[in-house]
Structure formats: C-alpha cells, structure tokens
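What follows is one structure encoded as structure tokens, with my remarks underneath.
Please read these numbers as outputs of a predicted model, since none were measured by experiment. In the text below, chain A, chain B and the rest are named by the order of the sequence lines, each starting its count at 1. Below, each value reflects all heavy atoms present in this structure, side chains not excepted, and no hydrogens, waters or symmetry copies.
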There are 2 protein chains.
Amino acid sequence: MKKTNPTLAEIARVAGVSMMTASRAVNNQPGVSDEKRAEILRIADDLGYVANRAAQRLSGGRSHVIGVIAQLHTLFTSELVLGIGSAGRAANYEMLVYSLSDADNRPPGPILDLLSQIVDGVIVILPFQSDYLASLSNAKLPIVTIDEGNDAPFPKIMTDNYQGARLAIEHLAALGHRRIGFIAGNEGLASARDRARAFHDMRAQLGLDADPELVVHGNFMQQGGFLAAQRLMRLAEPPTAIFAANDMSAVGAMAAIRESKRSVPQDISLIGFDDVSVANHVHPALTTIRQPLTQMSRAAVNTLLAMISGIAPPAERILLSPELVARESTAAPPLEKLSQKPGRKGMTR
Amino acid sequence: MKKTNPTLAEIARVAGVSMMTASRAVNNQPGVSDEKRAEILRIADDLGYVANRAAQRLSGGRSHVIGVIAQLHTLFTSELVLGIGSAGRAANYEMLVYSLSDADNRPPGPILDLLSQIVDGVIVILPFQSDYLASLSNAKLPIVTIDEGNDAPFPKIMTDNYQGARLAIEHLAALGHRRIGFIAGNEGLASARDRARAFHDMRAQLGLDADPELVVHGNFMQQGGFLAAQRLMRLAEPPTAIFAANDMSAVGAMAAIRESKRSVPQDISLIGFDDVSVANHVHPALTTIRQPLTQMSRAAVNTLLAMISGIAPPAERILLSPELVARESTAAPPLEKLSQKPGRKGMTR
DNA sequence: ATAAATAACGTTAGCGCTAACGTTAATGAT
DNA sequence: ATCATTAACGTTAGCGCTAACGTTATTTAT
C-alpha cells in the first residue's frame, strides 16, 4: 500500500528511458517503438500511475478533462450532467462539475478562468439565465452550451422546442380537445418563447378556440403553474385541456385542478414538457414531451471534443427532436363539453 | 477585453515587487507591509487576476478547492452538493464535483488521485455502496464522508437514523395507529439497518402489533416500495399505517395503496424518510422525516477544512438530528379499525 | 558509396506557483 | 555602542509535466 502515487519520472526511471519517451508512451503518441511502449505501459500500470492532469495542463498540454457548469437544482440538469459524464468517459475524458448555485450571482468570468486551468473545454447548462454568457468570449477555452444561451457566441445544443410544443398540441387536438389552455414559461427564455409561439401557431392552424384568457403566465416552477391553473379553472368557460410549458408547472397545475374539484384526465387533460423524473412519479403520471437527454449530452460532448481537437464545430446550432410520452394525464374531453362541474364519473379513460 | 488572464508574475512586475511578495499579499499571509499589500491587491483586482489553483497545488500549496464525489441520481444528493458548495464558498473555498455514475464501476483510487491533484480535500457522498471507500486510506488527502461509509477510516457526517425512525413511529402512534407496517430499506446500508432497528424497538416499547408479516423488504427505490406495499395490502389484516424507510419507497407504496382502492391518509397513513423534494410534489403531500441537509453539508465542510488546516477532526462521527415534517399523508386511523374494504366514500379528496 | 530522409529517442526550458531559505534594514535590549 | 531580534522583503529550487528542438542510429533514394 504505497502512500504517494508515482510520477512520470519514476516510470521513466524504472523503464530506463527519458521522461519524454514515457510521456509519449502513456499519451499514445508516436515516436516510441512498440516494444518500449508496451514495456512502459506495463510498468505504469504496475505502479498505478495516474497522470497529473493539472501539470499536463499547466505545461501547455491537454488535461483530458472537460468541465461542466450547471445548476443542479433540477433533476433534468442532473440527468444531463450524468449523460455528459458517460459520453465523456466513452471518449476517455473525465468530467468535473462546477455547481452554480442560483443564490450567488458570481460573474462567470472567474469561474471559467478557474476551470480553464484544469479542463480542456466547458459545457454550460443554463436553463435560467439566457444572457449569462453573452459577455465572455474567452476565446481561449472551447465552450458549448446546452438548452439556452441563444445570444452567446458558442455552439448550442438545443431541443426543438417549437416542434415539441406542436407535438403537445397535436396530441391534445387528436384527442378531441378544442379549447386548450396554455401556461407559459419564463418569458426571458428562448425555450419558453418557442413553446409559446408553437402554441399560438398550432391553435391558429387547427382552428382551436383562440380566447386570450386561455393563455396565462407561469414561471417554469411549481408555484407559478399552480397559480396559473387556478386562474384557468376560474374562467367562465375553463379549457378542457392544459398545456404547461414545463413539467414542474404541470405538477403545480395538477394540484390546482384537483383543488377546483376536477380530476385529471377525466375533466381536464394535462400535458407538460421535459419529462423530468417527477413526471412519472405524480398521479396520474404526466403525459409530456420528452427532451432527448442522451442525445443532447452526446452531441454536446462530441461538439466540444471536436473544438478541443481544433476542428471547427460541426454546426453553430444543433437542434434535437423531442418526442411525445403519452401517460395517464391526457384523455378525450368529457362528452358534455360545456359541463363546468366535476361531472362524469366512471370513465376509464 | 484581454485574452489571457494575468499571472502572479505580471502582478508583481506592475507592482514592482517580487513574486513572493505578491503571492503573500494575495494569499493573505504575513510578511508584507500594509501599504504594499493594499497596492498589490488593487493591481491584482484591476488586472482581473485569478490564481491558478492547479499551479498552487502543484507547487505544494493549497488550492482552496474542495472536491465532492457523489452520485447525482437523486435530488437528495444534488441538494447536499449544493449545500456543500455554499458552505465552501462561505469559507472562501471553491467546489468541484466528480459525478459518479452508478453504471460504471470505476475503482475509487484513481478518482481520488485525480482529484488530489486539484483539490485540498474531498467529501464523499455515497448513499448506495457502504464499503466503497473501505479500501483506500490514501492518507495523503483529507476525506470526509456523508451519510454512509461506516467502515471507512474517515470522519462521517450522519443523520441520526435511529432517532428519525423513532420520530416517525411516535408520530403514527400518537395519531392512534397500533398496527404499523414497515417497508425496510437496503439491508446493506447502515442507515437502513438503523431505521429498522428503531422500528422494532419502538414497536416493542409502545406495545404495538408485532406481527412479523408487517415487516416487508424494499430496496430504497420506488419499485421496491410498490411491491412491498402490495404485499402489505394483501394481508388478511393490513396495517392502518405504513412507515417506509425512505421517501422513494413511500412514493411507490402510495401507488400500491391506491391500486388496492384504499386512500391515503383516510384508510392508510403513510410516512417516509429523507424529505426529498418529490415528497412535497406527490399527492397527498408526504409526511416524512427530514434529514437536516444544510447542517449536514455545513458540518462536512467544517470538518474537512479543519482537517486541511491540519487540525484533527473534531469527531470521528457527527450525528445530526432529523425532524418530523407533518404533511398530508398521515391521519388518525379509520374508526372501524377492522374494515378491510375500501370503505368510506364521499370524501372529497 | 554518399546524401537525404526518417524513426527513435534525449535535452532544455518553462507553464504558474509556493516552500524554504536568504538578505537587508529597522528596532529593541543591555 | 554592540549584539540579538524582528519585519519586510528577495532568491533559489522545484512541483509534474510537455513543446520544441536536439541527437543519434537506421533506412532509402540515386
């Protein structure tokens, strides 16, 4: 049980070669004969050599570590981070996460500077502040953003929010709903705007009820969804279905609907967006639009690694397609469409 | 908009002092006159100096970064990580997270080696593998564990699981329940064992029904809780209340109870453990035992920082007290205690 | 057979920083 | 007036590693 781990110098000494040869061998670079390479790798493995990434980076090389800046407040973000970790590891890259707390408003500059001392590139996941990165074109460090960051000069990996929202409305319309309420998201976010735009477009296209009262404002959070749905439930003619701009809003809405003595989906259908894991925990399980988490993280890592290798990013903007996940919170509208009362029991679907 | 950030050498040059003096100034160490110190700090600030932690650590100093090894799969863990971040920042320490995916079984050694090159100490959060760390007494790097890790030779920050489970049973007993089911957790975990022990002790102490059928095994996950509760519901004489060893089990149990056409809390009371955020999202909101997240993370950081400063850890084991969070899933048992049927309709809830 | 190209190495210098040990001048003790 | 002490600095060396440029043998072209 050795106390301290061996350095490259020790490997080199044991193998009877220079440090550079050892370095080339362990980094899989040319300039070493096959036998020597094998020998060095064997020794490195025997001695439990772990390269010092900090030193690698310090001396101008690659550390083979990628950084992630994220707010870990939502499971959605955490799952994205996990996906990035796997994708990175598959490419022989380690991942380190800088957790941004929403409470502190530390400027992004120093954080990136800190990370740049260790990592070769950074993936930024910022669901809540669109202009966060706009300022810093550090240029030194490859950066890729996920989800938002429209104005930032970095490649962006995004879900096609417009398309996703269309799927949601199409699903509701196909079930027979003509009067659909919409709980909007945080207006400052491009994702929220895209979803709202799709809602309005589809409503016009399908000739659904276009009552302005049917659009209420949420904030992407549970509480906002609750209040918004309350307003919808108090309308003279409430909608038969509600599209919430994200799952947490939908969860809040569900409570408000229940509070108004109506049930989901018998009286009101409800659909969310994201497919966070809570969506499957609530009762009834929430029908929603799934963001392709795995694809997103893989795309982000691939783009970043390309940039690290000096290849120009394949695209400034990669749009991934979401999909409908039909669960239990949506159904056909009640037959007596005008019924505002709890009505109709026993409808199994 | 400068491209690359200044180094200590530049600060020193501009200030007309040696690097060491600049180093001492920015690191708040003695040996610099007040005027020079102020001057240097001003210049450093002007130039946007960000210390290179990797280099600091390389040269034998402190990087003022702490590492966290965690599985980000549960919100509980994420929230703990967030807490550690705040606590660290309050002490002027940055935090970097190494996200352990449950899929990969990478040995902990190299991960710690990697982190040790950057951070001054590590906090390990391991809800699911108790013996993970037992092997590595790296000794070089201060380590603190949270939640589990009983056999590891490091200071541990834990919730008093025994006390928490007692609170849960006391709460149920106070409501009038005499026949309480228990969904046990993962036997391999000390936390699960402590909770089970408290259940048995309290049951004996309060003279509750001690039918062995009332104890069923879960696995700390939703699915396990579901199956366990199903078995309880099929008993000839089901319990009037269930204590699930954690919240996710309780959420699963809730679905099983509902499936058996009984309602929570009218027919069956249900209490969980942890107070993860889902507990507040389910309907009815789950009564549970809250783990003192903030205190835990603060204690972990304080202990770690003490160890980093060379002070012996204040205690090998810090036990924090959980508290009861009474929400909607618990109530007095139905009056006709023997009723095995769905019973009691007309309840608006 | 000889110059030119290549492969397989080794050397030097330096990334940004800090321990550890100088050096210098000012202060205090006797 | 002389020596010890202290505060405020500066110098040297080195953490672990890798570019960039040697150096040497070996091959290939002509």
Specify the separation, in whole Å, of atom CG of B:N52 and atom P of D:dG16.
16 Å
Assign each of A:A55 and A:G60 to its nearest nucleotide of DNA chain D by heavy atoms, then name whichever residue's nucleotide is nearer the 5' end.
A:A55
Could you give the CD-to-P distance, from A:E10 to D:dG16, as a whole number of Å?
9 Å
Among residues 17-37 of chain B, which contact DNA chain C at a heavy-atom distance under 4.0 Å?
B:M19, B:M20, B:S23, B:N27
Figure out the CZ/C1' separation between A:R62 and D:dC17, and round it to whole Å.
14 Å
A:E39 CD to C:dC9 P, straight-line distance once rounded to whole Å:
12 Å
Between D:dC9 (C1') and B:I40 (CD1): distance, integer Å:
10 Å
Rounded distance in Å - CD1 (A:I118) to P (C:dC17):
13 Å
Among B:R57, B:E94, B:Q117, which one satisfies side-chain contact (heavy atoms from CB on, under 4.5 Å) with B:S63?
B:R57
Cut-off 3.5 Å, side chains only: do A:D160 and A:S321 have a donor facing an acceptor?
no
Using 4.0 Å as the upper bound for N to carboxylate O, is an ion pair formed by B:E39 and B:R42?
yes
Do you know which two heavy atoms are closest between A:V65 and A:R53, and how far apart they sit?
CG2-NE, 3.8 Å
Can you check the A:R53 CZ to D:dT18 C1' distance for me, whole Å?
15 Å
Side-chain donor-acceptor pair under 3.5 Å between B:Y49 and B:E10, yes or no?
no
May I have the distance from A:Q56 (atom CD) to D:dC17 (atom P), rounded to whole angstrom?
7 Å
Do B:T159 and B:Q291 have a side chain donor and acceptor closer than 3.5 Å?
yes
